[in-house]
**Student:** 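Dropping the structure in here first, questions after.
Source: prediction; values computed, not measured. In what follows, every chain begins at residue 1, and chains take the letters A, B, ... in the order their sequences are listed.
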Number of protein chains: 2
Amino acid sequence: MVVQLELSDDEVNRIFRALADATRRDIVRRTLVAEITVSHLADSYDMSFAAVQKHIAVLEEARLVTKEPRGRERIVRGAPDRIRQAQHLLDEFELLWRSRIDRLDALLGEDAGAVASADHDTSTPTGE
Amino acid sequence: MVVQLELSDDEVNRIFRALADATRRDIVRRTLVAEITVSHLADSYDMSFAAVQKHIAVLEEARLVTKEPRGRERIVRGAPDRIRQAQHLLDEFELLWRSRIDRLDALLGEDAGAVASADHDTSTPTGE
DNA sequence: CAGTTGTACAACCATGTGGTTGTACGTTAC
DNA sequence: GTAACGTACAACCACATGGTTGTACAACTG
């Protein structure tokens with residue numbers, strides 16, 4: 001039940017590297033939504049079976065998906081806990097940024113905080 | 001002030017690719033906390049100045065940092081909005097997973113939901 | 001002015017990545 | 001048993017990546 005506390009640099013590298021490809025991100029999406037076999041996945045993409053196999057292997061090494069034998073087939077499943085770990089990694093950056101803002105606000109004094117925070121935007125992402 | 005709504009596959013690739021290196025993640029952390037020059041950054045790592053320059057260039061192409069001239073120096077700053085965009089990308093995966101769980105719960109019926117959700121775990125990562 | 005500092009950039013090299021084809025082998029279907 | 005299916009894996013190729021060194025040049029320093 002307990003998730004690995006610390007991810008090594010190498011593991012983090014593999015996670016982000018695995019996500020840095022559109023085909024692999026699509027595989028993750030699909031395997032999060034439903035179980036699916038390797039060959040069924042391979043049918044979806046305009047590349048060889050072996051190429052898709054390699055993409056799945058990269059995701060598997062990053063532990064973003066798991067593969068389980070069922071007869072001659074291999075069922076691929078997305079690993080949501082690993083996705084959450086990736087989220088936590090980005091949260092860390094966000095926290096660093098916020099702590100910086102807090103320190104700047106402290107320098108500016110309490111009452112100037114409201115104005116300052118509107119300026120450098122600590123709260124809502126500007127997008128979407 | 002408004003951030004780009006949709007990220008292209010290529011942009012997403014660059015963001016995750018850029019984060020898939022420990023040195024670059026460290027640069028992002030440091031530039032989120034405080035402004036810092038290229039040469040000051042370069043001093044911190046056990047590699048050539050040019051190598052660090054290249055890492056910064058990768059981050060800049062992913063728009064995870066910005067560079068601004070100040071005299072002969074270049075000030076590097078982390079771009080928190082880009083980090084947030086990356087977070088949103090991972091949120092998307094999380095949502096897919098949750099919607100799957102919701103559908104499974106619906107199949108099991110309303111009252112069976114509580115038991116079922118404890119079983120397949122919508123909240124806390126399961127770990128290995 | 002001359003010298004030093006900070007940066008940019010090109011050329012080069014070893015290794016990794018993303019694709020291919022071909023072969024092999026266990027599993028299911030007939 | 002034989003054929004078809006699903007998968008694994010090796011070999012190969014073009015190109016990207018992450019590092020190096022060397023050169024050039026603008027901006028400060030004295």
**Student:** Figure out the CG/P separation between A:Asn13 and C:dT17, and round it to whole Å.
**Tutor:**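 It works out to 10 Å between those atoms.
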**Student:** With side chain to side chain contact (heavy atoms under 4.5 Å, CB included) as the criterion, how do B:Val28 and A:Leu96 come out once you've worked through the C-alpha distance, each side chain's angles and the decisive distance to 0.1 Å?
**Tutor:** CA-CA 10 Å; B:Val28 170; A:Leu96 285 174; over 6 Å; no
**Student:** Nearest whole angstrom, please: distance from the P of C:dT5 to the CD1 of B:Ile75.
**Tutor:**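 That distance rounds to 18 Å.
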**Student:** For chain B and DNA chain D, what are the first and last nucleotides along the strand, 5' to 3', with at least one atom under 4.0 angstrom from a heavy atom of the protein chain?
**Tutor:** D:dT17 to D:dC28
**Student:** May I ask you to say what B:Arg24 touches in the nucleic acid, namely base, sugar-phosphate or nothing, with a heavy-atom cut-off under 4.0 Å?
**Tutor:** sugar-phosphate
**Student:** Name the one of A:Val58, A:Leu32, A:Val76 that satisfies side chain to side chain contact (heavy atoms under 4.5 Å, CB included) with A:Val65?
**Tutor:**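 Only one of A:Val58, A:Leu32, A:Val76 forms a side chain to side chain contact (heavy atoms under 4.5 Å, CB included) with A:Val65, namely A:Val76.
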**Student:** Going by the salt bridge (charged side-chain N to carboxylate O under 4.0 Å, His left out) test, name the single residue among B:Arg30, B:Arg74, B:Lys67, B:Arg77 that passes it with B:Glu35.
**Tutor:** B:Arg77
**Student:** A side-chain contact here means heavy atoms from C-beta on lying under 4.5 Å apart; do B:Arg82 and B:Glu11 qualify?
**Tutor:** yes
**Student:** Return the 5'-most residue of the pair A:Gly71, A:Thr23 with respect to DNA chain C, ranking by each residue's nearest nucleotide.
**Tutor:** A:Thr23
**Student:** Under the 3.5 angstrom rule, does the side chain of A:Arg24 hit a backbone N or O of A:Leu59 as a donor-acceptor pair?
**Tutor:**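 No; zero donor-acceptor contacts below 3.5 Å.
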**Student:** Checking A:Ile56 against A:Thr31 for the side chain to side chain contact (heavy atoms under 4.5 Å, CB included) test, could you report, in this order, the C-alpha distance in whole Å, the side-chain angles of both residues, the deciding distance, and whether it holds?
**Tutor:** CA-CA 11 Å; A:Ile56 296 173; A:Thr31 55; over 6 Å; no
**Student:** Roughly how many Å is it from CZ in B:Arg72 to P in C:dT4, rounded to a whole number?
**Tutor:**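 Atom CZ in B:Arg72 sits about 12 Å away from atom P in C:dT4.
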**Student:** I need the residues from residues 40-59 of chain B with at least one non-hydrogen atom less than 4.0 Å from DNA chain C; give them sorted by number, or say none.
**Tutor:** B:Phe49, B:Ala50, B:Gln53, B:Lys54
**Student:** Could you give me the CA-CA distance, side-chain angles and deciding distance for B:Arg84 and B:Gln87, then say whether side chain to side chain donor-acceptor pair (under 3.5 Å) is met?
**Tutor:** CA-CA 5 Å; B:Arg84 285 188 207 108; B:Gln87 286 178 312; 5.5 Å; no
**Student:** Are the side chains of A:Leu64 and A:Ile27 in touch, meaning some heavy atoms are under 4.5 Å apart?
**Tutor:** no
